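Take a look at the structure below.
Keep in mind that what you see is a predicted model, and the values were worked out from it rather than measured.
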Amino acid sequence: MSLSSAIAIAQSAFSTTAQQTATVSKNVANASNADYSRRMAMLGTTAGGAQIVSIYRAQNEALFKQNLASISQSSAQSSLLADLEILKSALGGNDYETAPSTYLSAFRNSLQTLASTPGNSTLAATVVADATDLANSISNTSAAVQDLRLGADKQIAEAVDNLNALLARFEIANNAVKSATAAGTDTTAALDDRDKLLKQISELVGISTVTRANNDTVIYTTGGTVLFETLARQVSFTPTSAYGATTTGNAILVDGVPISAGSGADTTAQGKLASLLQLRDDIAPTFQSQLDEMARGLVELFQEGGSPGLFTWADGNVPAAGTIEAGMASSLIVNPLAKSNPFLLRDGGFNGVVSNADGASGYTDLLDGYIAAMDTDMTFDAATGLDGTSSIMEFAAASIGWFEQIRSAASAAAENKTALLARTEEALGNVTGVSIDEEMSLLLDLEQSYKASAKLISTVDAMMAALLEAVR
């Protein structure tokens with residue numbers, strides 16, 4: 001080997017080591033960046049010796065797609081659970097202290113107490129006050145349900161805006177990947193950026209991807225609708241300004257195709273948008289229908305002569321049995337006549353139908369009848385998702401049980417899906433993430449390589465000096 005060849009090899013080694021060290025340094029600097037994939041400088045033999053021929057980016061397509069699916073599922077479940085917890089708080093928290101079923105039990109207890117002492121005006125006023133609390137609980141819960149739907153609608157509008165922005169950024173990132181691939185330049189940074197955007201998009205909507213020639217990626221929703229192909233598809237949604245029991249929210253459209261809502265407490269939804277649709281259009285309306293049936297049941301049970309008695313509502317009549325009167329819960333009130341004369345409950349007379357014409361203080365027939373009726377089976381609309389034949393006490397308890405069952409199942413599912421996401425992220429991280437220990441070990445190897453090159457240079461220098469000395 002000539003001295004000039006030795007110097008050329010040493011220079012090549014220095015250059016290669018410098019590039020490898022730069023790659024390792026970049027890896028170490030991004031060790032805590034979950035959106036960064038580890039780089040490795042790949043060596044190749046050329047006429048000039050060993051050189052960096054490419055930068056390899058660690059990746060695993062199957063694990064990455066599994067990670068996207070886990071992100072979608074976890075995001076949907078977490079979103080659903082968060083809104084269910086809001087409604088639970090509106091119902092009084094863990095013990096459901098302000099739920100209609102709680103006030104219904106208190107109202108019946110007051111009725112029983114009054115029936116045992118029917119001439120006590122204080123007890124009669126207490127019954128009316130408890131009835132007012134019950135009516136307020138039903139109407140307030142109805143308002144909370146509609147507020148929840150309105151909140152979900154606003155979240156959908158924000159998420160759709162975010163999704164359109166992410167798709168626009170994805171178009172830029174995808175074009176950068178295609179350009180770099182076509183030019184044969186480093187694509188690693190552009191690929192990192194594109195994968196990061198895919199993760200953010202999957203939080204909002206379930207997706208699948210196909211990578212075509214030239215590293216071009218197409219995105220589909222899990223329903224099969226094209227979300228991105230060369231250009232970003234427009235996702236549209238028109239928010240609703242206010243919600244009532246009969247209001248139907250607008251659909252989310254991708255190129256005119258609606259996104260489907262999830263179903264079940266362990267929701268089938270993938271992405272936040274599908275779970276918000278499920279809450280707005282399925283769970284909340286079903287709970288609203290149960291409240292409406294409670295309100296209808298109270299008006300029916302306490303009616304006098306075919307007209308509302310103690311309980312009345314905006315329409316002022318007694319609806320047909322076993323049929324949901326949409327929105328009835330929101331306007332349920334206690335008859336104002338009961339507040340001015342609480343003994344109307346004992347004697348009757350809200351509509352001119354007086355049962356205790358003599359005003360006997362010990363008269364309890366009406367009170368006993370109301371108490372018995374509250375524990376007697378009546379017909380409820382099967383569309384509420386509850387038993388169509390039960391007492392109003394059982395129906396109210398079943399309604400809270402129905403809600404708590406959904407909430408608790410959603411909570412358990414959220415824990416499982418969060419754990420699954422953590423596992424897929426860990427598995428992906430093990431393949432594409434940066435290990436500080438490995439990078440430090442590689443740095444030590446590079447240090448030895450640098451020292452060997454330096455030794456070669458110093459040896460050549462010594463030989464040159466010896467030759468010059470011999471010439472002199």
Side-chain angles (χ1 to χ4, degrees), residues 1-64 66-67 173 176-177 179-196 199 215 422-472:
M1 178 185 295
S2 65
L3 293 179
S4 59
S5 297
I7 291 173
I9 290 173
Q11 287 176 331
S12 175
F14 275 131
S15 174
T16 301
T17 303
Q19 292 182 61
Q20 288 178 298
T21 303
T23 302
V24 172
S25 298
K26 183 180 288 185
N27 287 340
V28 172
N30 287 280
S32 59
N33 183 357
D35 298 315
Y36 177 86
S37 290
R38 183 182 180 227
R39 272 69 151 164
M40 286 158 280
M42 306 305 292
L43 292 174
T45 303
T46 65
Q51 291 185 349
I52 303 295
V53 295
S54 65
I55 301 296
Y56 173 76
R57 175 178 177 266
Q59 57 187 351
N60 185 307
E61 193 68 20
L63 276 176
F64 183 70
Q66 179 58 48
N67 186 233
V177 171
S179 297
T181 302
T185 57
D186 185 10
T187 61
T188 54
L191 285 169
D192 273 358
D193 190 29
R194 194 173 70 174
D195 286 354
K196 178 182 177 181
K199 291 179 181 178
N215 245 337
R423 295 293 178 272
T424 57
E425 286 180 337
E426 182 181 359
L428 184 61
N430 289 337
V431 176
T432 64
V434 176
S435 167
I436 292 294
D437 292 341
E438 290 181 11
E439 300 303 322
M440 290 299 105
S441 176
L442 184 56
L443 271 182
L444 291 176
D445 292 342
L446 293 173
E447 183 183 12
Q448 295 303 317
S449 176
Y450 178 85
K451 286 180 178 177
S453 300
K455 181 66 176 176
L456 180 59
I457 289 292
S458 64
T459 300
V460 170
D461 182 60
M463 294 175 70
M464 292 288 290
L467 285 173
L468 289 174
E469 186 62 28
V471 172
R472 289 192 187 104

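- With sequence neighbours left out, the salt bridge (Lys or Arg N to Asp or Glu O under 4.0 Å) criterion links D192 to R39, R57.
- In this view, K199 and D35, F64, N67, L68, I71 satisfy the side chain to side chain contact (heavy atoms under 4.5 Å, CB included) rule, not counting sequence neighbours.
- Listed by chain and residue number, T188 satisfy the side-chain hydrogen bond (donor to acceptor under 3.5 Å, both in side chains) test with D186 (two or more places apart in sequence, or in another chain).
- One finds the CG atom of D195 at 7.5 Å from the CD atom of Q59 (value rounded to the nearest 0.5 Å).
- Considering only residues two or more places apart in sequence or on other chains, N30 meets the side chain to side chain contact (heavy atoms under 4.5 Å, CB included) condition with K26, N33, Y36.
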Identify each donor-acceptor pair in which a side-chain atom of residues 431-444 lies under 3.5 Å from a protein atom, sequence neighbours left out, and give them as a table.
residue: T432; atom: OG1; partner: L428; partner atom: O; Å: 2.9
residue: S435; atom: OG; partner: E438; partner atom: N; Å: 3.4
residue: E439; atom: OE1; partner: N27; partner atom: ND2; Å: 3.4
residue: E439; atom: OE2; partner: R38; partner atom: NE; Å: 2.6
residue: E439; atom: OE2; partner: R38; partner atom: NH2; Å: 3.3

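- Listed by chain and number, the residues in a side chain to side chain contact (heavy atoms under 4.5 Å, CB included) with T185 are A180, A183 (sequence neighbours excluded).
- In this structure, the side-chain hydrogen bond (donor to acceptor under 3.5 Å, both in side chains) partners of T181, at least two apart in sequence or on a different chain, are N215.
- With sequence neighbours excluded, the residues that form a salt bridge (Lys or Arg N to Asp or Glu O under 4.0 Å) with E469 are R472.
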Less than 3.5 Å apart, which donor and acceptor atoms pair up between the side chains of residues 450-467 and the rest of the protein, not counting sequence neighbours?
residue: S453; atom: OG; partner: S449; partner atom: O; Å: 3.1
residue: S458; atom: OG; partner: A454; partner atom: O; Å: 3.4
residue: S458; atom: OG; partner: K455; partner atom: O; Å: 2.7
residue: T459; atom: OG1; partner: K455; partner atom: O; Å: 2.8

